[in-house]
Amino acid sequence: MELELKKGANAIRRLLLPPIPISISRNFRSIDDSTLERFGAFIKEKYFMDILNGVHGTQCYLNSQEGRRGLEDHIFGRLVNYRKTIIPWLSSIIRLDDLDVLEIGCGTGSLSVALAEQGARVCCLDIDAASIEVAIERFRIYELDAEFIVGNAARRKDVVSKGNGYGLVILSACLEHMTYEERLETIKNAWDLINSNALLGIFDTPNRLWYLDSHTTLLPFFNWLPDEIALQYIKNSPRYSIRNQLFSMVDDANTNLIRCGRGVSYHEIELAIGNYENMSVISYLQQYLKTRSIYHLFHWLTSYGPFYSAFLKKVGPNISNAFFQPTLYLLLEKNA
């Protein structure tokens, strides 16, 4: 019964989502089921086995609901989601064909492939060698090209510059896993890599100001806590994998906590880039989806989101509503 209800809800969701423009969907690359199955085995061996052996300490993780969902997301789920949301949003702002893009924190390459499908020239950078190895394999099976770098974006020497600058630099789901010093250096380096009127994207980044930590612990107000208290309170998280991961990492406890994922807010961006006169938020994903999707608009209006976001806006500085969303998905333009 529960499975049928879930299928019904997903069917309704698909009906309410806007169709993907043909100009975008015609560029999607497809792979057969056998190739997808082999790719899943490759991810499990090269990426997840490292996590299982080094972090979770047990292969039971992949047999759990959380583990199965994580594996499915890495194989295909994230790519599907990016094709439906991020790519149409970006395409409404900037032409992706022939665009030079640097994705910092590319992970296993799902967003990178979605961008390359649309004709972007992508440079993929990640600090984790196993992630880059999977990204290279993903590009191979989709018959696409990219440049790959194993490096730390907080070190300027690890980041490759373009002669004419990048048209778009993306910080993708990575800032929340960096130390506070690394965040500032990474944002500074990313900002320096783009020219005037080019874009810096901060994607899939949990907002420190939001009342629920839906990224790491699933606990209310967790990102508001100072690290010392958060380190003790994390034992209350319903996510066993996070608790286990935290205490099996090699750095000191506070650094381990940050590496697991701590919220980010406008404060880091202001400290790294400076006065908001140097930049402008030209769009954010939630705004785009709510104007084009009945599902997203209904979901937002029936939550606490509008009230809490309005509260943050009222008491916060005079900056874009993009900084008062549950997750930061925004595009900053570098002013001339």
Side-chain angles (χ1 to χ4, degrees), residues 17 19-48 51 69-151 153 159-160 162 166-174 190 199-205 285 288 329 331:
L17 288 173
I20 301 172
I22 295 175
S23 60
I24 292 173
S25 61
R26 69 187 179 195
N27 297 320
F28 293 165
R29 302 288 181 98
S30 60
I31 57 175
D32 58 61
D33 290 342
S34 61
T35 302
L36 197 62
E37 186 176 348
R38 288 194 299 272
F39 183 52
F42 182 87
I43 291 177
K44 192 182 293 187
E45 176 188 354
K46 298 293 184 180
Y47 181 76
F48 274 88
I51 294 176
R69 185 169 59 245
L71 180 59
E72 289 171 2
D73 279 349
H74 277 278
I75 295 171
F76 197 62
R78 292 184 180 186
L79 175 60
V80 170
N81 182 57
Y82 293 143
R83 284 170 169 175
K84 289 180 179 179
T85 57
I86 299 296
I87 296 303
W89 171 48
L90 289 177
S91 297
S92 72
I93 305 298
I94 189 171
R95 179 174 174 172
L96 296 177
D97 188 29
D98 289 329
L99 183 69
D100 287 311
V101 180
L102 170 64
E103 185 186 1
I104 296 173
C106 69
T108 59
S110 295
L111 178 55
S112 307
V113 161
L115 290 163
E117 284 180 327
Q118 303 304 319
R121 293 185 292 271
V122 184
C123 179
C124 307
L125 184 147
D126 201 281
I127 198 169
D128 182 55
S131 295
I132 289 291
E133 192 171 355
V134 174
I136 290 171
E137 178 65 10
R138 192 187 301 274
F139 269 79
R140 188 191 69 78
I141 64 175
Y142 281 94
E143 299 181 345
L144 292 163
D145 296 319
E147 183 178 358
F148 301 94
I149 302 171
V150 178
V159 185
V160 175
K162 282 285 180 185
Y166 291 96
L168 172 63
V169 174
I170 298 171
L171 298 171
S172 180
C174 60
L199 302 177
L200 172 64
I202 297 176
F203 294 177
D204 200 12
T205 303
L285 180 63
Y288 171 85
Y329 268 108
L331 289 168

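Quick caveat: nothing in here was measured; it's all calculated off a predicted structure.
Panel note: side chain Arg78, backbone Asp73; no donor-acceptor pair is recorded below 3.5 Å. For Arg121 (side chain) and Asp145 (main-chain N/O), no donor-acceptor pair under 3.5 Å exists by modelled atom type. The backbone N or O of Gly107 lies less than 3.5 Å from a partner atom in the side chain of Asp126, making a donor-acceptor pair.
At a threshold of 4.5 Å between non-hydrogen side-chain atoms, the residues Tyr329 and Ile86 count as touching. Taking the side chain as every heavy atom from C-beta outward, Leu90 and Leu115 approach each other to under 4.5 Å. Residues Phe203 and Leu331 have side chains in contact (heavy-atom distance under 4.5 Å, counting atoms from C-beta outward). Considering only heavy atoms from C-beta on, Arg138 comes within 4.5 Å of Ile43 through its side chain. Looking at Val122 and Leu144, their side chains never come closer than 4.5 Å, going by heavy atoms from C-beta outward. Side-chain contact between Lys44 and Phe39 is absent, with no heavy-atom pair separated by less than 4.5 Å. Between Phe42 and Glu133, some side-chain heavy-atom pair lies under the 4.5 Å cut-off. The shortest side-chain heavy-atom distance between Thr205 and Leu171 does not fall under the 4.5 Å cut-off.
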### Query
Would Cys106 and Ile132 satisfy side chain to side chain contact (heavy atoms under 4.5 Å, CB included), going step by step from the backbone distance to the final call?
CA-CA 8 Å; Cys106 69; Ile132 289 291; 3.6 Å; yes
### Task
Decide yes or no on side chain to side chain contact (heavy atoms under 4.5 Å, CB included) for Phe28 and Ile20, but give the supporting numbers first.
CA-CA 11 Å; Phe28 293 165; Ile20 301 172; 4.1 Å; yes
### Task
Show the numbers, then the answer: is there a side chain to side chain contact (heavy atoms under 4.5 Å, CB included) between Asp97 and Asn27?
CA-CA 11 Å; Asp97 188 29; Asn27 297 320; over 6 Å; no
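Taking both residues in full, the closest heavy atoms of Leu168 and Gly201 are given as CD1-N, 4.1 Å, listed atom of the first, atom of the second, then distance. When every heavy atom of Leu96 is checked against every heavy atom of Ser91, the shortest pair comes out as CD1-OG, 3.5 Å. Taking each heavy atom of Leu71 and Gly40 in turn, the nearest pair found is CD1-O, 4.3 Å. For the residue pair Lys46 and Ala130, the shortest heavy atom distance occurs at O-CB, 3.4 Å. Of all heavy-atom pairs between Leu200 and Ala190, the closest is CD1-CB, 3.7 Å. Of all the heavy atoms in Ile104 and Cys174, the pair that sits closest is O-SG, 3.5 Å.
Atoms OG1 and CD1, from Thr35 and Ile141 in turn, are 7.0 Å apart once rounded to the nearest 0.5 Å. Note: Asp33 CG to Arg38 CZ = 11.0 Å, rounded to the nearest 0.5 Å. The CD1 atom of Ile136 sits 11.0 Å away from the OG atom of Ser112 when rounded to the nearest 0.5 Å. The NZ atom of Lys84 sits 13.5 Å away from the CD1 atom of Ile24 when rounded to the nearest 0.5 Å.
With respect to Glu117 and Arg83, a salt bridge is recorded, a charged nitrogen being found less than 4.0 Å from a carboxylate O. Salt bridge Glu72/Arg69: absent, no basic N to carboxylate O contact under 4.0 Å.
Two rings, from Phe139 and Phe148, have their centers less than 6.0 Å apart.
Within a 6.0 Å sphere centred on CZ of Arg95, other residues, nucleotides and ligands contribute 12 heavy atoms or fewer.
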